[in-house]
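Letters go in sequence order (proteins before strands), and every chain restarts at 1.
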2 protein chains.
Amino acid sequence: MAAKPKAGPSNLREACISEALQIIEDAGIEGLSLREVARRLGVSHQAPYKHFPSRDHILAEILARCFDEFAMFLDQRPPSTDPFIDLRGMGERYMAYAQLHPVKYRLMFNTPMPDPDAHPQMMRNAQRAFALLRDRLKDMKLRPAGEFHPSSASLDAMFVWSTLHGLASILQSDTLRTLQMSDIELQQAMSRCFARLSLALIPLP
Amino acid sequence: MAAKPKAGPSNLREACISEALQIIEDAGIEGLSLREVARRLGVSHQAPYKHFPSRDHILAEILARCFDEFAMFLDQRPPSTDPFIDLRGMGERYMAYAQLHPVKYRLMFNTPMPDPDAHPQMMRNAQRAFALLRDRLKDMKLRPAGEFHPSSASLDAMFVWSTLHGLASILQSDTLRTLQMSDIELQQAMSRCFARLSLALIPLP
DNA sequence: TCGATATAGTTGACATTGTCTACCTCTGTG
DNA sequence: CACAGAGGTAGACAATGTCAACTATATCGA
């Protein structure tokens, strides 16, 4: 039950997840193997398979939790009634998350995912994060007041998301190291992106 | 000579590369193994290692060629003396490439790369592609004429690149399948991004 | 209370992969 | 003609995902 529902067993499941995440932090996604998880936990190489049918299943579980954490992180921003300021705050949280949890961010957005259809929980959590962004843009009335464009907010959300994701993705990609940009320049690039985003988000004719 | 200049040997190197790419197209990056390459070519499992010291080396070679092809693709756009139109054309080429060669695009920008320092040719080719974009923005005079901001174009290039890369990356990521967007909506999203980008790229105060 | 059953774990096995080392087999050149 | 070296072959090794069989243990129904 709630207090101690098979304390030992289900602990292994949790332990596997956090240990797997730790391995990914240590050695990258390609360093993750269920055997390594088992080895670190001091159990047999097959024990994790009692809790996860395959390697993809543990990855999907990790991803589901990442999306969840990510969405909560986006929500923890200074409250504002001005939708523009609110969106800006969310954008800053977005970038902050990518900088604070680069491995998890890459895992969510820059790594081939397990088949979403096979892991609906992961899928739902991912959708929820996107909905947050789209709903902020719905509040912003980027179309003349009279018109009704239900999908317009989604399109603008795609635009904002693209820029945020692209920036975050580039900032932590190896590609940047090759462009020899300094940290200061990267900071400036981020500010510039926010400035340009603000310019772009005016009501369309 | 030309007809049969060690027809077997040096051909094998090329054959490995194109076969490897084919494998990636068929089975994804995780389906690529040098043994599979050898198997498909009907040679021993060690033959490819005579031409590539390790799996990363063949990947780096493939990536170098992809970046090269990508840069050339960007350059093959309708010529225009108006820098705004020219940039727009390049953006459209960018998205077209991502759509025409999704596997290669993902390989370049959405997949962990071999260590750039260990593969300088790959790195140089990557830099060249970014320089193309930055130079277009240099032409655009996004700052008041009198001012001199050498790095300003780079910052704006980062912004444009972020949006393009983010959009391309999202468009082909699994994430989108979970958001249940139709093809028409995706097309609209692309148009919207270009429209917003145009709005954003006005001279800064 | 006792036995059935499900759960969680162990051990052993198999195919696949990257990579190492040793061997063969041409081919051109002194 | 010998021979050196490039290109290709063959065998071995450790690591991985996954399958199957076995064991211990705890829970539940009779």
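We find that CD of Glu14(A) is positioned 13 Å from P of dA8(C), with the value rounded to whole Å. Between His51(B) atom NE2 and dA6(D) atom P there is a gap of 12 Å when expressed in whole angstrom units. For the pair Asn11(A) CG and dT7(C) P, the interatomic distance rounds to 18 Å; values are reported in whole Å. The interatomic distance linking Arg13(B) (CZ) with dG8(D) (C1') rounds to 16 Å, in whole Å. Between His57(B) atom NE2 and dG18(C) atom C1' there is a gap of 14 Å when expressed in whole angstrom units.
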Please enumerate all protein N or O atoms sitting under 3.5 Å from an N or O of nucleotides 15-17 of chain C, with distances to 0.1 Å.
unit_1, atom_1, unit_2, atom_2, d
dT17(C), OP2, Arg39(B), NH2, 2.7

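Residues satisfying the side chain to side chain donor-acceptor pair (under 3.5 Å) criterion with Arg40(B), sequence neighbours excluded, are Asp26(B), Glu36(B). Residues forming a side chain to side chain donor-acceptor pair (under 3.5 Å) with Gln121(B) (at least two apart in sequence, or on another chain): Arg124(B), Asn125(B). Residues satisfying the side chain to side chain donor-acceptor pair (under 3.5 Å) criterion with Tyr49(B), sequence neighbours excluded, are absent altogether.
Annotation: salt bridge (Lys or Arg N to Asp or Glu O under 4.0 Å) contacts involving residues 89-99 of chain A, sequence neighbours excluded, comprise Arg88(A)-Glu92(A). The stretch residues 45-56 of chain B participates, sequence neighbours left out, in no salt bridge (Lys or Arg N to Asp or Glu O under 4.0 Å) pair at all.
Side-chain atoms of His45(A) and base atoms of dG12(C) include a donor and an acceptor less than 3.5 Å apart.
Annotation: the span from Leu41(B) atom CG to Ser18(B) atom OG amounts to 7.5 Å, rounded to 0.5 Å.
The residue among Pro53(A) and Lys50(A) whose nearest nucleotide of DNA chain D is located toward the 5' end is Pro53(A).
Comparing dT10(C), dG18(C), dG8(D) by their closest approach to the side chain of Leu12(B) singles out dG8(D).
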